Number of protein chains: 2
Amino acid sequence: MSDSDDLSTAAEPGYALDAFDRRILARVQSDCHRPAESIAAEIGLSASAVQRRLRRLRERGVIRAEVALLDAAALGVGLTLIAGIGFEREHYAALARLRALLAPEPAVQQAYSTTGDDDLVVILRVADMPAYDRLCARWMAQVPQIGRITTQVVIEPLKVGLALPVPGGD
Amino acid sequence: MSDSDDLSTAAEPGYALDAFDRRILARVQSDCHRPAESIAAEIGLSASAVQRRLRRLRERGVIRAEVALLDAAALGVGLTLIAGIGFEREHYAALARLRALLAPEPAVQQAYSTTGDDDLVVILRVADMPAYDRLCARWMAQVPQIGRITTQVVIEPLKVGLALPVPGGD
DNA sequence: TGTGAAATTTAAGATAG
DNA sequence: CTATCTTAAATTTCACA
């Protein structure tokens, strides 16, 4: 129940978004509590049309979830870290094991499997460095084939969000 | 209006969250449309008490925003990239200029100022590589002091979310 | 904090352009 | 597909004890 955001729910293709959909999406992705009528007035549609579209967008999975964004400092997880993880070629199979380990971890905000220097890039939020140390120690213990973990400490999060660019959303 | 998530709104300290607050937060951060009564029943509180707490949490900035998470593929921004940006020591002042440039960029999902190999780590979503090329070209043109941009292409987003770990939230 | 009433919002259906 | 209107249900807001 803790983590809603694996990407298992992908929107079905085949249905294109029209300009109205995009304008609705641009609005709910910055505030999903706005009444349909308020959106309707802004984009020139009736409230029921907006509700109909919202329902369909949710059903199709275009809207994946509606969530509250919390203040990290208030929750005592003020430390953000970016970890680049690399595997040696001969242990590449162990990557799958680590992936399975990372996703359920509450401290893990995001995890990306990448090309380039790292095999995995992980963004995490913890209370302090000792907490991060404990995490790394656990991972290394459970997946000893990890080649290296390169950690960057975040000085300041300049922008933190998941709002996607919506082409005709203005 | 496009980007709600710079961190300008920090929750005021001085008010501690109690166990009820944390249990409420843990729930709304995975679904902010849940009726207060449903949450209330789960944590053993009345619906209006939950509403009152939600309002206070919003006012204090503990709840920073309530937003819809959209499907990247449906919006045609299926390509995720992680860019590490570095400056030479003598051009370090130009970093502030680039920071100001990055935040308003719709393609920029997150930007972190970091210690370590990179001065800046940026996660972005674009339609395709040419789109990314254009972005980089613009940045390099507007801030020529950029030393290097090391790009990692995301093969697969394993976990994408902003749900923070909530200590007593179960 | 809880209870209960009022106001708002959502949801669903029916009709028509 | 849309707008409008109607009805019902669900939810939030606000008074008060």
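Chain letters run A, B, ... following the sequence lines, proteins first, then strands; residues in each count from 1. Keep in mind that this is a model prediction, so the values were computed, not measured. Computation of the quantities below employed the complete heavy-atom set of this structure, encompassing side-chain atoms and omitting hydrogens, waters and symmetry-equivalent molecules.
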Q | Nucleotide nearest B/Ala49 (side chain, heavy atoms from C-beta), chosen from C/dT1, D/dA3, D/dC1 | A | C/dT1

Q. Please walk me through it: do B/Glu42 and B/Arg27 pass side chain to side chain contact (heavy atoms under 4.5 Å, CB included)?
A. CA-CA 10 Å; B/Glu42 209 168 299; B/Arg27 282 155 183 79; 2.8 Å; yes

Q: Between protein and nucleotides 9-17 of chain D, map the contacts as a letter string: B base, S sugar-phosphate only, - none, heavy atoms under 4.0 Å, written 5' to 3'.
A: --SBB----

Show which side-chain atoms of residues 116-124 of chain B pair as donor or acceptor with protein atoms under 3.5 Å away, not counting sequence neighbours.
from, atom 1, to, atom 2, distance (Å)
B/Asp118, OD1, B/Arg148, NH1, 3.1
B/Asp118, OD1, B/Arg148, NH2, 3.0
B/Asp118, OD2, A/Gln152, NE2, 2.8
B/Asp119, OD2, B/Phe87, N, 2.7

Q) When rounded to the nearest 0.5 angstrom, what is the spacing between CG in A/Leu75 and CZ in A/Arg125? A) 10.0 Å

Q: Assess whether side chain to side chain contact (heavy atoms under 4.5 Å, CB included) is satisfied between B/Ile149 and B/Met140, documenting all intermediate values.
A: CA-CA 9 Å; B/Ile149 301 183; B/Met140 301 287 281; 3.8 Å; yes

Q: Can you measure from CG (A/Leu102) to CD (A/Gln110) and round to the nearest 0.5 angstrom?
A: 12.5 Å

Q: Grab the CD1-P distance between A/Ile43 and D/dC1 for me, whole Å please.
A: 15 Å

Q | Atom pair distance, as rounded to whole Å: CG in A/Leu57 and P in C/dA11 | A | 13 Å

